[in-house]
Structure formats: structure tokens, C-alpha cells
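Written below as C-alpha cells is the structure these notes are about.
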Amino acid sequence: MARERCAIFHGRETILDKIADYLQRKDKSPLTVYGPSGSGKTSIIAEAARKVQFVKHKDAITIFRFLGTSPDSSNVYRLLHSLCQQIMLVTTGKEPSLPQDIDDLTRLFHKLIREYKSSKPLVILLDSLDQLSKEHAAHKLHWLPKQLPEDVKIVTSTYIESTDIIVLLKSLFSPDSFILVPKLGEELSCKILKSWLDVKNRTLTPEQFNVIENAFTQCSLPIYVKLVFESVLNWRSYTVVDDNSLAFTVKESIIKLFEHLEHKHGKMFVSRAFAYITASNSGLSETELEDILSIDDTLLTDVFRIHVPPITRIPPLLFVRLRHDISSYLVDREVDDTTVFYWYHRQFIEAAQSRYLSDETFEDQIQSTLADYFIGTWYNKPKPFTYSDYQVKRLKLSANTIDTDRKTSPQPLTFKYKVENREKVRFNKRKLNRLPYHLTMAGRIDEVRSMCLFNYDFLSAKIKAVSVQQVLEDFTLSKNNGSTLFSVLKQIQSSLMAFPKTLAIEISGHLTPFLAQKKSSLEKMLVEKCFNVIKSDEMPVPYQTSFTIPHNALMYKFEHEAVPFGSKVAMISKDSKHLLAMTADNDLVSWDLTTGELEKEIRLYDPLLLKMNIFTVDKEKDVCYLCSSYQKTSNILIVVNMAACELINTISLSKTYPGVGFADSLKFAVTSDKIFCMYVGHNIDVFDKATGKHLFALDQVPDKFLMLPDEKKALIHEKNSTKFFMYNILNNNIESQFNINEKPKDFILAPVGKEIVVLYRDLSLVKVFNIDATEGNVGELVCDVKTTGNEKILSLEFSSNETFLMLKYNTGVYFWNYKLNKMQHHFRIPDEVKPVHRVTDFFGHLTPDGELFVVAYEGFLVIYSIKTNKVANIIEINRSKSEIFLMASSGEFFVNTSSRGNAISTWRTSALTMSDNQIQPMTMKTAPRYIAIARSGKVAAIRGNLGGELAVFDLIAGTQKFYIQGDIDVMKPTVTWDGKYAVVREYHSDEAVKIFNTTSGALEMPLPLTSLQVKGITTCTTMVAVYVQGDDDKVTYVNLYSVPNGKLLHKLHSGRPSLHDMVFVFTSNEEFLIVSSPHLEGDPTVADITAYDVKTGEETYFLENCRVRFTTMILNEPALFITQNVRQSGDIVVVVDLQSKKILREGKLENMDNQKDWSASPDGRFCIDRDRQLYDVINFQFKWKYDADEEYRKQSTQQTYPRFLYDNHTVIFPNITAGLLKLATIDSPEIKFVCPVHGIPVCLDVTSLGMIIVGCDDGRVMMLHKSNKNDIVTSAGLDGVVKREAIRIKKQPKQKTNKSSVCTII
């Protein structure tokens, strides 16, 4: 292609000179050549590539790609693969082994460019960036290096109409990095045409050339010149021409070309072929087009007018001839892992649409035929073909209709094949991507929904093969983006991309309420399918609704396990299209806010050297500055372009601040050439921006430094004083100073930078002062800002539309109209969202249109209407306070993080006032903290995060039986083994132990023990044992009471009190009670264990020196427990039978960490510790560590240790930071099942009936069920779920929009 383009290239010397200048100068940025479609950019790039060795270096290595013209240059993955391969081949001489992952490939390409050093300069030319497919976010250009070494140059091109690429490039690079390609002009166009005619040994008459010259005055784009050239090749010397012989626009010229081809190849055939190619939207393979033409009966009737073929298919040579005549304008590319051809120029697409698809009815027919093909409707199935009356008569046919197999290709979701006798699967991306599009464009919406959007097999295949984002685009295109499923998929997008196999549990856990619908629906059938998929894999299914159906306003919920809990380092780009957040590893993560896709992750700095935890955002420049408060050895300032998530610069400042303790103690302000660093309580240091060299320090010791908008001046307030200084940044002088009458608490700049608003230290006075000498005396009082109450003002902030000064106090906000100089609104926080504890701060933003004031208060969004001065809505967004609450510059959405989670949520402003009537999962008022489950598996008592919240659940019915809140303040609850009674310990009471009836919720009996006496409680079916602190602090007792009457049965002497973990449990046969007694000195984790006969109260067995954390009952055995016995020879694992009073077996486990708790399988064959390490305690062997390659950033607590299910075969454990439950078996270390929690799993337990109970940080109580052979939960199947949801929906009251009238007009 390059030779062809160079052979016909003429002119453009100015542009080539500019490219040559770029290649020779020391420019570190790529160069972009851009212009209108058809302006000759490809020819310019081809000619530039030919001249590289003449203008750059005779030995320069030139790599050029004409993107979109071949399968290897059609998507960014293949492009990077070929570029890396060629670079490594020419530099090392060896065939390289390249990574398969796109992210790894991108990193390798950047590394090859960054580290390139050679006597042979490297020049890469990439033509038509716009021709790359959008796969792997190619048009976001993350793969394109932004900084080049001296020996590397990159030249790219794109057409001017691809605004997203041009805008992005211009945000990254200076104007010097762009060359605009103009039109050819009349003179050059004529010159080029004559040269092309010479090559063909052709000439024109003067009259003919006059017509051409006149045409070139109307249009002189290179593509137009080429179209004119191909047209005049058909002229002869005797051809009479006039001004109507040529079209005067590109589009009209293309139409003339189409008319010529229709005349030559047949109008019907050309029209249909070009219609299908154009309607495909991205191209068709030759096989596809031939198959599609073969099921178009209208076309076949026209083709087979005079004969009956043996096979009813389009003759393949027909399109071969047509393609030959238009080959210059069709190009091969790779789409969906298939080589297809499509129009190369945008003008051809527009012209073909105008000529062949302008009639809506005809376009529907074309799109419908394409849809039928990708459905596979006529694969291996005869299709009726009807001959016309003329054909029947002429061909003497006996019937006018026959059924014929058109021999079309199959269209399964996956193709199976074998490699070395191993079965492989390849997804049919053509069907997955094209079918929803063509069904939608054909208006067959019901089929889009049934075949694609609500079809589990299709959704699962597309998510695995392509992306969740493409699925969401299918919903939007077909106008199904108002469905609940669409909202759910948007919310779980980041989780699904990481774990696509969780689709079934995600859908069934979110949409369980649809099962209760009496009428059949696609949603209901989809949920049923998901349940069956999970059960067929013998994995846990949702026992009831597990996840919160997202509010209509929730756009996306971004989950990334490396983002720390309660993240405060997050920012939104100026164009409101990108969200950036810092991870604990100094990685900057970027999400596309228009699609919800994870864009990229970049490592800013080695986390072992510095933790980046201080950031400053410059919204106008769209950059953020990051540094660290840990500065013992270095002070690094990192500059990031927020729009592109690109590292612009890393500046090492020559002065460090080792004493910085808090992130808000160090602040930066940056101008074009200087960096101002303010370490609170010290002088301001000024550094050179280019080198990081310390230039000087200002004399003042400020507590605040404000840069004025023009960056020429800054206002400084001297610490603990009334003095303000106006500092001239350009000449480094104090220009003026002034005093105010009292010391300020804070101050902010007014919108235009000519006034400041000062909050005084008594927090009740707010005044405005002039700071612009042109407006009056600097420091002159402009006005007082007076509130109507006596509230203490906490902070000052101007609204985004610069109309209001917002004065925030602890329970409300005053709105002072800055322009009108009067108080205009006053909003108070509604009582219904106020917690019992004191709230010290909250966030609030006024939307740019001035219509809504949105407040993030604790775990709620409170939406105030400025027009009505009332609360428009209250939305609970999490069960902990928001750590950040940002508004996009556009005002279209908000972003928040919570203190107890690492998810980042985005909320659409336009939907914030909508009511939310969805059925929600079983939820407590606060996050569940402790779970106590009856041995029967039918009842559970769960205590919330606050001690005053205790709920008792019927696990079989999946409902809450009763709620205790506020009456008592309980510790960890316990439940009798039959589930009839819940026993709790109350704080601050003389009757601290209380026995509740779990059926009625009534208090059966309080036990006369003070809260200080009670140190532990355990139960069996008929008894409760209480670990009691004696009057002497060095002595403890165990009291045995009967249940429910509270009668004291025995008082057992237990020895010394346990200050750490302890063993306190009944044996499975309820005959013995095991109690640990710690040693007076030594290891606090080691204790003696005593077993008591609960009937007689006598001691029956004693074992000294046992590790408490490794002592656990074997549930399926009457009186066995397993422990780790500390002996002189080392720790020995022993299994003790209390009935025979013997050690049944013992053995040594190597490499065992004695500081980690473990639990035993119900049959006692295996144990697992909190680090997911499995031990065989029959053969005393370490087996393996589950999920060993994954990083578990947050240690599990005792409430979330790994658990064995009662099937003795399955292990379940959480990854707290990632918000995942993982399930494995004792057969292998492979993870068999992953279940997202969409929050933090705070507590976890299992029941004897195969249920998994998970308490989440947002208050949800998740219930999953894994059936087994001995399962007696007959209602655990799909029918049971349907019944439970129907009952739950009937009982659950409809949610009402929370509104308040607490707002007042001043």
C-alpha cells in the first residue's frame, strides 16, 4: 500500500517539510497529522515514511502501519504485538516471546520505547488512528507513549471528524505537535491528475480539461481528485462533456461511481451487496456476505432469471468481479477475530447509506436478513424459494416454490475444536456483537430481549468474550436501559469484569424478587435459568434476595481491592469523563465515567520507598499533584494529567520535611515555573518546577497560602495573627499588607479573586474584605455576612455557579447570595437521618444549574430543592459516613466513598429525586457484627454493630422473627442448640445475662449476675454456662443454669481468669463442658483444659499446656475435641475422647504457625487456619494453602475465619478487601466458586442444613444454600425461593420518599 501511495504522490512539500523538521528537532512528543476525511493523510504518511532515511538518518529504522487496512493493524492488540515484535527483532536479532495480555503488551511497548538506545534512530508512523477498532479502549490512546526518548519519533494521523481522538490528543500535547492538512487547491489538483493520466498514457481534450478545472474549483480534496480520475478514464476523445458530466462534491462523485457499477454488474446485485456491507456497520467477511446474499430471495430471483442452479446460492464470482472494480475503496480489517472488508473512507459510508439505506422499510429488510443470518435461522434448514411467474413459464417448472438448503454457516455461541487431543472453546464474537445490533436496527426488540439481553447463555458468553460494557451498550441501543437488569449490570460491572463466571449468582442474588411474579416474564425466566446453572455446578444458590437492587440514581459502583478502605484520594477530570483514585500501592486507577470501564492503572512511585497520600487538584489545568507525608529521605512531587490518567512529571524537590505527621500539614501551589510548598508552621519554600531545586523561602510563617486566579499574586495569612500579605509571584516581593480586627479561623477567595471571605475564630462572624487595589483600599471591609441564628460556622465555600456563599454548621447550611448581598436560603439536616452520635462534618454541593443542593450526611444523601425550599428525597447510600463526596464539573453526577468500604459509587444527578420502590434484601439497621446459629440450623441471633441491636432470624423461612433495639445493650449473643432461646449478655446491668424466647421474643429469665462478673457465655440445648469473675480478681467460676427457668445447677471452680482467648464449649453429646484456665506467667495463648461432667459438676479430664486458639470441638462426634499440646519436644496435635478419657491419636505438623487460629471439619479429618492453610489431622500432613497466589490485604477477624461446611468436603472463606466469598473443596486447592459480596463481609458462619450466612457492612444478611444428601431443608429449592420471596414482598411495606419541611426561607 505504501508503494502504491508513493507512486501517485505529488506536492504537499510544506507538510513534508514540517514532518522532516519534527524528525530532526529534539521534541519528546509524538506528532499528529490531521485533516478532513479524504484529504490525503495516508499518502502523506507513506511519502514521509519513504523519506525518513533521507531527513533523519541513513540507518534509521522505519516502522509504519496503515491502520485498519489489514487484520494485523485493525485492533490495538495486534498492532502492539506487531510493533513490539518488529522493534525487538531489529534490536536483538531474535524472534521474541511476547505477553498475551493487552495490559502487559502495552507496558512492554512503553518500556521498549522508553529504554530505546541505538545508533540507529527509531521512527514509527501510524496512519489513521481512527481506523483502529474500539476494542481495548484503543481510542483512549493509553497505549500511545506520551514522552519519547531522543532517538525515537512517532508520527500519527487521524481525520478531523474523529473529535474524541483529536480532543484527547490536544489535551495531551502542545500545538506544535499537530499539522493540519489543507485541501489540495485547484492548481495542484490539476497537476496531480495530469501526472496520473501520463502514467496511464492518457490525455484529455482542452474542452474536457476545462470541465475538470471547473470541477476542482468546487472541490479539491485528494479523494475527489481520485474519483474524477477514475471517472475520466472512461472518457474518449470524442466524448462530449459539459459541467454536468462530473459531480462537484465527493458524495455525488461516489454516487456516480455506484451508478457506473450498477450498470456494469447489475443494479439489484450491487444495491443489495453494498446495502449489506454498509448496514453491517463494521464490515462482513466474504463468506458472510456470500451466505447473506444466498438467503436474499429477492436477489436470487433476479440472478436466476434464466436458469435453475443445482445449489440455490449466489454465484461467488459475482462479488469477486464487483470487488475488483471497487477494491481501492474497500479495505480488509479484523473485527471480532474475523477478517472482514468495509468502506475505507467515511464519505463512502455516507454515500452508500444515502443511496441504499435511505428507505426505512428497505433498511429494516436488510437488517432483518443480517439478523437472521447471525441467529443461524437457515443453517442446516431448507428455506422456501419462490420463482416468479416468468421463471416458471420460461424454465417450464412444475412448481413455483421449492425448499432448498442454502448451505449457510452455523452460528453457535461457541465453537469447539481440539488441539493436541484437548478440547478448546472459541467464542463466536461475530454473533455476540452483531446479533443485538441487527435485531435492534430491524426493530425486532422482543427478539433482542429474548435472544440476547435476557438470555443467560448469550449474556455469559458475551461478558466472557467481549465486555460488560458492550452488553450495556446493547441495552442502551435497544432502549432497554431502563430495566432493572441494566441497573444491576452497571452496578456490578467492575466485579463482573474480574469474575465473569459470577454472572449467575449476581443475577439470581439481585433479581430474586422476580421469581415471586405470577406472570411469566423474561426476567423471571432469566433468574430461574441462573438458579439452575448454579445448582448444576453444585454450588451455593441464593436462599433469598442477597444484594441490594441499585437505586435509579446509582450510575456505577467501582470495586478495586487495592483501593484502601475509606479512600480520600479520588478526583474527577475537568471534562467529567474520568474518575481517578489512588491505591495503597501508589497505583493511580482510572475509570471512564461515560461507560463505567476501568481505563488504566499506572504506577506512580515505588510503594516501598514512599506512600503517596497528599494530593492537590488544579481543576483549571486538569492536573493533580501528589506527594507523601513520609519524607525521611526524599520529597517527590508527581504531576498527573487527569483527563488521560498520564504521569506528566516526577519532580524530586531538594528539601524534605521529615516532621510531617498529617497529610493536611503539607500543601502545594504550582505555577508555570515555580512550586510553592507550605509546611504548616514553617516558612513557605519556593522550588524550581523544572529541576526541583530549592530557590528561596519567604519570610512569613503562614497557616494558609492562596494563589490568585491569574497566578501572578498570592495571599498569605501569617500564623496566629491578624496580618495578611499580598505576595507578587513574578518579582518575589510583598506588594502590600493589611490587618483585620480579629484572628481568622479560615478564609477563602471570592469567585473573581478580588475579595476574600473571612471566618473569625469565634465561628460566628463572617466578613468580606477587598484585596484588589484597583477596586479600593486593600483590606477594606466590604460587608458583613450575618446569619439568622447563633450557630457556629464550621466552613466556608462558594457554590459551583459562584452565586452563593455556603456557610456550613454542624446541622445545616446557610446560603448567602454573594451577588445580591443577602441571606437567601437556610437548609437544616432532617432529624430522620441524624444518628445518636455527634456528627462533626458533612459534605454538600449545589448543582451548577442552581436547582438542587445535595448533601452527603453520614450514610445518606439528602437532596434539597432550591425552588421549593424542601427536601426532595433522602437516599441511604451506605451504613457508614462518606469520606469524600465530589461533584463533577458538569454537575451531572456525584462520587462518594465510605469509611468502612473501598467501593467508589457514582450517582446520577437527574435521578436523585426519583423514588425507589424496589424490594431490598434482608437488612439490619447497622452492620451485623456477631452471628450465633443454633446447632439445628433453623434459628440465628445476629447482633448489629451497635450493642443495642439484636435480631433473631428464622433461617428456614428466611425472615426476621423479632428485633431487640435500644432496650438492652448486648455483647456477642448465643443460641441454644434447638434454637428455642437466645442468651445475651447486657452491658451495665445487675442482671446481665438474659434468656429470650426466639418464638415470641419475650424475656424468659434474667440471671442475677452483674455485667462486670460475666466474662463469657456458652449454651447447649437445655443449659447455659456462664464464665464468672469471682470477688477475687484472680479466681473465676463457671455457673451452669438450666434453660429457660434459669435454675443454678452447678458452680464449677475454673481457676485463674482468662485475659485472652479461651476455650468454653459443650461437647456434641451435651455431657461435658470444656473450660480453659491460663497460666499465671508465660505464653498467654497457652492454657490448661479441664472437662466437667455437666450432670454431676465434677472434673472428669485434665490436659495441661494446650494452645487455646487450636482447641475446637469435632461436631459429628459425641465427645471429641482437637487441640495442640505444647510439649518439650514441640507442639503436638492431639485428638481427645472425653468419654474414654484418652488421646485417640496424636502427631506433629511441620511449619505450623502457632499464632493462628484454626477450625476443624465436622468429622474431624481436616483443620484449616485463618490463612487458608489446610491440614490433614488423620495423617498429620499439611495439604496446601487455598488461593495462595492472591493477596489478602486485610487479615480476617475471628468472625470471618475460614469455615467448613457440614458436608465435611467444602471450605468457604472471604477476601475482605476484595469483597468476595470463595469456595473450595478438600480435594484440591482450586477455587471452585466465587461469590461477590459487594461490600465488606463482616461476619460469616454456616449451618448444619447447608446454609452460609454472611453479615455485610451495609447491614445486609446474605443467605446462600448448598444442598447435600442429608439436607432436610425441603424448601431450599427454586420453589422454596419463590414462596419465600412472595411472602417477604407481601410483608415488606412499600418504601416512601422521605421528605421534610425543615427548610425555611430567610
Side-chain angles (χ1 to χ4, degrees), residues 133-135 161 258 268 270-285 287-299 330 333 335-336 338 340-343 345-379 383 408-409 411 413 428-455 458-459 461-462 465-483 485-486 489 522 595:
S133 72
K134 291 187 177 181
E135 290 178 274
E161 293 87 353
F258 287 164
M268 175 67 74
V270 173
S271 299
R272 294 280 171 149
F274 286 174
Y276 287 122
I277 293 170
T278 308
S280 72
N281 199 42
S282 59
L284 296 169
S285 70
T287 300
E288 288 172 345
L289 181 59
E290 187 178 322
D291 282 349
I292 292 163
L293 294 175
S294 296
I295 58 175
D296 186 331
D297 288 350
T298 303
L299 173 61
L330 286 175
R333 59 174 63 182
V335 177
D336 305 329
T338 303
V340 302
F341 53 83
Y342 195 58
W343 302 115
H345 290 282
R346 185 178 59 88
Q347 288 95 329
F348 271 81
I349 300 172
E350 294 173 353
Q353 287 173 338
S354 173
R355 183 162 182 81
Y356 303 117
L357 299 174
S358 59
D359 181 274
E360 291 185 9
T361 303
F362 178 71
E363 184 184 7
D364 287 347
Q365 294 174 3
I366 293 296
Q367 295 286 2
S368 194
T369 303
L370 286 164
D372 285 342
Y373 172 71
F374 286 110
I375 290 171
T377 302
W378 303 112
Y379 166 68
K383 184 177 189 294
T408 59
S409 304
Q411 294 294 338
L413 291 173
N428 184 357
K429 288 186 180 181
R430 294 297 290 161
K431 176 170 185 167
L432 295 172
N433 285 331
R434 305 320 308 156
L435 180 56
Y437 175 81
H438 293 305
L439 283 173
T440 301
M441 299 309 292
R444 295 160 63 176
I445 302 303
D446 288 343
E447 289 172 274
V448 180
R449 289 169 54 83
S450 62
M451 292 184 177
C452 306
L453 305 185
F454 294 87
N455 182 299
F458 187 94
L459 286 174
K462 186 155 186 175
V466 190
S467 70
V468 184
Q469 178 54 37
Q470 289 295 316
V471 172
L472 294 175
E473 288 181 8
D474 292 341
F475 275 84
T476 302
L477 181 69
S478 60
K479 297 183 180 179
N480 279 276
N481 50 347
S483 65
L485 179 58
F486 176 79
L489 290 175
L522 290 173
T595 64

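- Taking 4.5 Å as the limit, some side-chain heavy atom of Ser409 sits within range of a side-chain heavy atom of Thr287.
- With rounding to the nearest 0.5 angstrom, the CZ atom of Phe475 is 4.0 Å from the CG atom of Leu485.
- In this structure, Thr298 and Gln365 have side chains that are not in contact, with every pair of non-hydrogen atoms separated by 4.5 Å or more.
- Taking all atoms of both residues into account, the shortest heavy-atom contact from Ala352 to Thr278 is CB-OG1, 3.1 Å.
- Atoms NZ and CD1, from Lys479 and Ile445 in turn, are 8.5 Å apart once rounded to the nearest 0.5 Å.
- Two residues are said to be in side-chain contact when any heavy atoms from C-beta on lie closer than 4.5 Å; Tyr342 and Ile349 meet this criterion.
- Every residue meeting the salt bridge (charged side-chain N to carboxylate O under 4.0 Å, His left out) condition with Glu290, not counting sequence neighbours, appears here in chain and number order: Arg313.
- For the pair Lys462 and Pro436, the tightest heavy-atom approach, listed with the atom from each and the gap, is NZ-CG, 4.1 Å.
- The closest side-chain donor-acceptor pair between Asn480 and Ser478 falls under 3.5 angstrom.
- Looking at heavy atoms from C-beta onward, Ser133 lies out of side-chain contact with Val335 at the 4.5 angstrom threshold.
- The closest donor-acceptor contact from the side chain of Thr377 to the backbone of Tyr373 lies at 3.5 Å or more, if one exists at all.
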Chi angles and distances behind the side chain to side chain contact (heavy atoms under 4.5 Å, CB included) call for Asp474, Val448: CA-CA 9 Å; Asp474 292 341; Val448 180; 6.0 Å; no
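- A distance of 10.0 Å separates CG of Leu432 from CG of Leu459, quoted to the nearest 0.5 Å.
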Would you sort out whether Lys383 and Asp372 count as a salt bridge (Lys or Arg N to Asp or Glu O under 4.0 Å), showing the intermediate values? CA-CA 12 Å; Lys383 184 177 189 294; Asp372 285 342; over 6 Å; no
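- Between Phe486 and Leu489 there is no side-chain heavy-atom pair separated by less than 4.5 Å.
- Between atom CZ of residue Arg272 and atom OG1 of residue Thr369 there is a gap of 7.5 Å, rounded to the nearest 0.5 Å.
- Residues Thr440 and Leu477 come closest through the heavy atom pair CG2-O, 3.5 Å.
- Remark: of the listed residues Arg430, Lys429, Lys431, Arg430 is the sole one forming a side-chain hydrogen bond (donor to acceptor under 3.5 Å, both in side chains) with Asp336.
- Atom CG of Leu439 is separated from atom OG of Ser368 by 8.0 Å, given to the nearest 0.5 angstrom.
- Contact of the Gln411 side chain with the Tyr379 side chain is not registered, since no non-hydrogen atoms from C-beta on lie closer than 4.5 Å.
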Verify side chain to side chain contact (heavy atoms under 4.5 Å, CB included) between Arg434 and Ser282, making sure each step is shown before the conclusion. CA-CA 9 Å; Arg434 305 320 308 156; Ser282 59; 3.9 Å; yes
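- Judged purely by distance below 3.5 Å, without hydrogens or angles, the side chains of Gln469 and Ser467 never pair a donor atom with an acceptor atom.
- Residues Glu363 and Leu357 approach most closely at OE1-O, 3.7 Å, considering heavy atoms.
- In this structure, Trp343 and Phe258 have tilted ring planes: the angle between them lies in the 30° to 60° band.
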Take Arg444 and Asp364, measure what salt bridge (Lys or Arg N to Asp or Glu O under 4.0 Å) needs, and give me the verdict at the end. CA-CA 9 Å; Arg444 295 160 63 176; Asp364 287 347; over 6 Å; no
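- Side-chain atoms of Asp296 and Tyr276 form a donor-acceptor pair, as typed in the model, at a separation below 3.5 Å.
- For the pair Asn428/Leu413, no side-chain contact is recorded, criterion being any heavy-atom separation below 4.5 Å from C-beta on.
- When all heavy atoms are compared, the tightest approach of Val466 to Gln470 is CG1-CG, 3.3 Å.
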Is there a side chain to side chain contact (heavy atoms under 4.5 Å, CB included) between Phe374 and His438 once you walk through the steps? CA-CA 9 Å; Phe374 286 110; His438 293 305; 3.9 Å; yes
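- Partners of Asp359 under the side-chain contact (heavy atoms from CB on, under 4.5 Å) rule, at least two apart in sequence or in another chain, are Thr361, Phe362.
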Might you work through the side chain to side chain contact (heavy atoms under 4.5 Å, CB included) test for Tyr437 and Ser280, ending with a clear yes or no? CA-CA 9 Å; Tyr437 175 81; Ser280 72; over 6 Å; no
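- Of all heavy-atom pairs between Val340 and Gly283, the closest is CB-C, 3.8 Å.
- Between Phe341 and Leu289 there is a side-chain heavy-atom pair separated by less than 4.5 Å.
- One finds the CG atom of Leu299 at 12.0 Å from the CD1 atom of Ile292 (value rounded to the nearest 0.5 Å).
- Between the side chain of Thr476 and the backbone N or O of Asn481 there is no donor-acceptor pair closer than 3.5 Å.
- Put simply, the side chain of Glu288 gets close to the backbone of Ser285: a donor and an acceptor are under 3.5 Å apart.
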